[in-house]
Amino acid sequence: ALTCPTPSPQELEEARRWEGARDVRPLDGNVRRWGGLLLPNNPPYNTGAFRFELTFSPNHPLEPPCATLRTPIYHPSVDLEGRVCQPLTTQVHWEPTTRAIQGGHRGDRGTVQGGSCPSDPAAPAVLQDLLLQLDSPDPQRLLRPDVARELQERPEEFRRRAEEHTRLHAEPRPDP
């Protein structure tokens, strides 16, 4: 099997074009560490932007990357260190064909330049999965049981706290 120890430039380009994030780029010139701003669509998080870091394994794409939120967020699936409960990036669910961003842009024939990684446009995408998770908190994917319990039992209180937390900690959203 063909392995590419680093994400391809094409993969980074796809992530940069995706409307769910801004400012996606390698951190400190390291192509195995990407940073950027995630832009949730739904309340209570859609008033802010959340800085993320995506770290690719030296064995990419055979091992999943790790997504961390650098901006504090009040969410059942994100712990206080910014670690995210993301089943997609566990060894059990990971497919080497999964991209950081799912391809399939019109006009992009998905051609594979000589020696670059094969792409599977149907593969779920790590950043899209992360954004979906922020937009629709899943009580099954939890790292903070207290927050998950509040979401299920006292949704109004959860929403109020999450909105307040977003107002205090999230970065301002960039202009569209």
Side-chain angles (χ1 to χ4, degrees), residues 6-57 60-61 63-90 93-95 98-105 119 121 123-144 147-148 150-151 158-176:
T6 57
S8 67
Q10 187 188 351
E11 211 169 337
L12 180 60
E13 190 48 44
E14 285 170 5
R16 295 179 73 103
R17 286 198 305 240
W18 178 53
E19 66 280 359
R22 280 294 162 78
D23 196 25
V24 180
R25 62 178 194 277
L27 296 174
D28 307 320
N30 182 349
V31 291
R32 285 211 190 102
R33 276 180 65 223
W34 293 2
L37 282 174
L38 214 50
L39 308 175
N41 299 301
N42 298 341
Y45 309 111
N46 63 343
T47 54
F50 296 83
R51 199 157 286 287
F52 70 86
E53 199 169 297
L54 194 62
T55 308
F56 294 86
S57 154
H60 178 78
E63 287 177 8
C66 170
T68 315
L69 281 184
R70 293 287 170 223
T71 307
I73 187 169
Y74 191 78
H75 194 289
S77 305
V78 185
D79 72 10
L80 297 169
E81 305 290 306
R83 287 184 295 254
V84 184
C85 175
Q86 202 175 5
L88 174 65
T89 60
T90 57
H93 296 98
W94 181 249
E95 295 290 337
T98 307
R99 307 288 290 252
I101 288 292
Q102 189 168 318
H105 297 284
S119 71
V126 179
L127 291 176
Q128 285 161 324
D129 182 68
L130 177 58
L131 187 65
L132 189 66
Q133 194 163 325
L134 295 188
D135 276 338
S136 31
D138 178 354
Q140 304 306 311
R141 295 177 166 194
L142 60 95
L143 288 175
R144 294 173 71 183
V147 177
E150 185 181 68
L151 171 62
F158 163 80
R159 192 178 174 124
R160 192 178 51 72
R161 277 188 204 207
E163 277 170 1
E164 177 71 0
H165 201 274
T166 299
R167 199 173 59 73
L168 292 173
H169 299 284
E171 298 196 21
R173 282 175 88 93
D175 294 327

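By convention here, the first residue in the shown sequence is residue 1. These values consider heavy atoms only, across backbone and side chains, with no hydrogens, waters or symmetry-generated copies.
- The minimum heavy-atom distance between Ala67 and Leu130, with the atom names listed, is CB-CD2, 4.1 Å.
- Separating the CG atom in Leu143 from the CD atom in Glu81 is a distance of 11.0 Å, to the nearest 0.5 Å.
- Judged as a side chain to side chain contact (heavy atoms under 4.5 Å, CB included), and not counting sequence neighbours, the contacts of Arg51 are Asp23, Leu37, Arg70, Thr71, Glu171.
- Residues Pro174 and Ala49 approach most closely at CD-CB, 4.3 Å, considering heavy atoms.
- Using a 4.0 Å cut-off between a side-chain N of Lys or Arg and a carboxylate O of Asp or Glu, Arg167 and Glu163 do not qualify as a salt bridge.
- Between Asp138 and Ser136, every side-chain heavy-atom pair lies at or beyond the 4.5 Å cut-off.
- Judged purely by atom type and a 3.5 angstrom limit, Arg22 uses its side chain to pair as donor or acceptor with the backbone of Asp175.
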Report the C-alpha separation of Val31 and Phe56 in whole Å, then their side-chain angles, then the decisive distance to 0.1 Å, and conclude whether the side chain to side chain contact (heavy atoms under 4.5 Å, CB included) test is met. CA-CA 8 Å; Val31 291; Phe56 294 86; over 6 Å; no
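- Taking CG of Leu151 as the start and CZ of Arg144 as the end, the distance is 12.0 Å to the nearest 0.5 Å.
- Atom CZ of Phe52 is separated from atom CD1 of Ile73 by 13.5 Å, given to the nearest 0.5 angstrom.
- Pairs of residues two or more places apart, or lying in two chains, that qualify as side chain to side chain donor-acceptor pair (under 3.5 Å) and include a residue from residues 35-46 are Asn41-Asp135.
- Between Pro40 and Arg173, the closest side-chain pair of non-hydrogen atoms falls below 4.5 Å.
- Proximity of Pro76 to Phe158: side-chain heavy atoms (C-beta onward) are separated by under 4.5 Å at one or more points.
- Listed here is the closest heavy atom pair of Leu127 and Ala15: CD1-CB, 4.4 Å.
- Listed by chain and residue number, Asp79 satisfy the salt bridge (Lys or Arg N to Asp or Glu O under 4.0 Å) test with Arg83 (two or more places apart in sequence, or in another chain).
- Looking at heavy atoms from C-beta onward, His75 lies out of side-chain contact with Val84 at the 4.5 angstrom threshold.
- Under the salt bridge (Lys or Arg N to Asp or Glu O under 4.0 Å) criterion, Arg33 pairs with Asp28, Glu53, not counting sequence neighbours.
- Note that OG of Ser57 and CD of Glu63 are 3.5 Å apart. Values are rounded to the nearest 0.5 Å.
- Checked against side chain to side chain contact (heavy atoms under 4.5 Å, CB included), Pro9 has no partners two or more places apart in sequence or in another chain.
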Yes or no on side chain to side chain contact (heavy atoms under 4.5 Å, CB included) for Leu134 and Leu69, after CA distance, side-chain angles and deciding distance? CA-CA 11 Å; Leu134 295 188; Leu69 281 184; 4.0 Å; yes
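- The side chain to side chain contact (heavy atoms under 4.5 Å, CB included) search around Leu12 returns Arg16, Val24, Pro26, Trp34, not counting sequence neighbours.
- A 4.5 Å side-chain heavy-atom check between Val78 and Val147 finds every atom pair outside the cut-off.
- Here Ser77 pairs with Gln133 under the side chain to side chain donor-acceptor pair (under 3.5 Å) rule; sequence neighbours left out.
- Taking the six-membered ring for Trp and thresholds of 30 and 60 degrees, His169 and His165 have ring planes inclined between 30 and 60 degrees apart.
- Partners of Arg161 according to the side chain to side chain contact (heavy atoms under 4.5 Å, CB included) rule, which considers only residues two or more places apart in sequence or in another chain, are Tyr74, Glu150, Glu157.
- Here the closest non-hydrogen pair linking Ala162 and Pro44 is CB-CG, 3.4 Å.
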